[in-house]
Amino acid sequence: MTISYATEYQVSDLGETRQVAKEIAAVLLSRRSGVILFRGPLGAGKTTLVQSICRHLGIRDTVTSPTFDLLHQYVIEELTVFHIDGYRLSDPGEWEVLDLPSQDELGFIILAEWGSILQADYPDRLEVDVELTDLSGETRRIRLQGIGPFWSHQVREWEGVHARGI
Ligand SMILES: Nc1ncnc2c1ncn2[C@@H]1O[C@H](COP(=O)(O)OP(=O)(O)OP(=O)(O)O)[C@@H](O)[C@H]1O
Ligand SMILES: [Mg+2]
């Protein structure tokens, strides 16, 4: 049996998206590891969220979408951050070439767009669904689902904090 817990945010502009990114980055920084899979239609805001997480992690380089390179790597204070765009990767063999660290290795963060194929390799992870709720504007729905002991607990914590209006 897998433990999982989900919560949802409605964000009305980029500023609110960045607020969600800041909370995620704070947890990644204190834990010094983590795997996050981003889902959502083209243009929903996955890269935007990753860029903001990276900024809050302290990465000063410009974070661009790895649409063609598939993987961008950043190093910050002994932490290696892998930003992946799996849109063009279809079979598992292509993913293996990326040579990603396994769940129990320390000091790495994986931020993967279109990365559902990684679910089997990382039983403890955060899954983020970004969805446009208003085609003409900036409104988005961001659903956070924590899977496995650490992230399900963390998502429950976030929900509690927001419910108390902190
Ligand atoms: N609230 C918001 N949150 C995130 N992005 C927003 C928001 N409002 C507007 N945007 C804009 O929406 C666009 C989202 O593009 P982005 O590249 O992040 O999407 P994506 O989901 O990564 O797409 P792809 O599937 O092609 O990788 C950006 O131009 C961003 O500025
Ligand atoms: Mg993208």
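Note that the structure is predicted; figures quoted are calculated from it, not measured. We count ligands from 1, going down the list as the structure has it; atoms in each ligand are counted the same way. Just so you know, these numbers use all the heavy atoms, side chains as well, and skip hydrogens, waters and symmetry mates.
Of the heavy atoms in T47, both backbone and side-chain atoms come closer than 4.0 Å to ligand 1.
Between the side chain of R125 and the main chain of Q119, a donor-acceptor pair closer than 3.5 Å is present. Between the side chain of Q103 and the backbone N or O of D124 there is at least one donor-acceptor pair closer than 3.5 Å. No donor-acceptor pair closer than 3.5 Å links the side chain of K22 to the backbone N or O of S52. A distance-only check finds a donor-acceptor pair linking the side chain of E94 to the backbone of S90 [under 3.5 Å]. Judged by distance alone, with hydrogens and angles left aside, the side-chain atoms of Q51 form a donor-acceptor pair with the main-chain N or O of V63 at under 3.5 Å. Under a 3.5 Å cut-off, the side chain of R88 and the backbone N or O of T67 do form a donor-acceptor pair. Using a distance-only test at 3.5 Å, with no hydrogens or angles considered, no donor-acceptor pair links the side chain of R31 to the main chain of L28.
From the protein, the heavy atom lying nearest to atom 25 (O) of ligand 1 is K46 NZ, 2.8 Å. The closest protein non-hydrogen atom to atom 1 (N) of ligand 1 is E138 O, 2.8 Å. In terms of protein heavy-atom proximity, atom 3 (N) of ligand 1 is nearest to T17 OG1, 2.8 Å. Protein heavy atom nearest atom 31 (O) of ligand 1, with residue, atom name and distance: L14 CD1, 4.0 Å. Of all protein heavy atoms, the one lying nearest to atom 26 (O) of ligand 1 is L42 CD2, 3.5 Å.
When the options Q10, R140, R18 are ranked by their closest heavy atom to atom 12 (O) of ligand 1, first place goes to R140.
By the 6.0 Å contact criterion, CD on E78 is open, its count of non-hydrogen atoms from other residues, nucleotides or ligands being 12 or less.
Considering only heavy atoms from C-beta on, Q73 comes within 4.5 Å of T80 through its side chain.
Around the Mg ion (ligand 2), protein N, O or S atoms at less than 2.8 Å number 2.
Close approach of ligand 1 to T48 is summarised as follows: ligand atoms under 4.0 Å from at least one heavy atom of the residue are 4 (C), 5 (N), 14 (C), 15 (O), 16 (P), 18 (O), 28 (C), 30 (C). Every atom of ligand 1 is numbered from 1 in the order shown, and the set under 4.0 Å from a heavy atom of D13 is 1 (N). Taking every non-hydrogen atom of W114 and a distance limit under 4.0 Å, the qualifying atoms of ligand 1 come out as 25 (O). Using a 4.0 Å cut-off to heavy atoms of E113, the atoms of ligand 1 that qualify are 22 (O), 27 (O).
Checked against a 3.5 angstrom limit, the closest N/O atoms of A44 and ligand 1 fall inside it. In terms of N/O distances under 3.5 Å, ligand 1 is not approached by S65. Considering backbone and side-chain atoms alike, G43 places an N or O below 3.5 Å from some N or O of ligand 1. Close N/O approach between G45 and ligand 1 is found [any backbone or side-chain N/O within under 3.5 Å].
Closest heavy-atom contact between T64 and Y74: N-OH, 3.9 Å. The heavy-atom pair separating H83 from S65 by the smallest distance is CE1-CA, 4.5 Å.
For the residue pair Q19 / Y9, no side-chain donor-acceptor distance below 3.5 Å is found, with atom types taken as modelled.
Pairs passing the ring pair (Phe, Tyr, Trp, His ring centres under 6.0 Å) check and including a residue from residues 102-140, sequence neighbours excluded, read Y87-W114.
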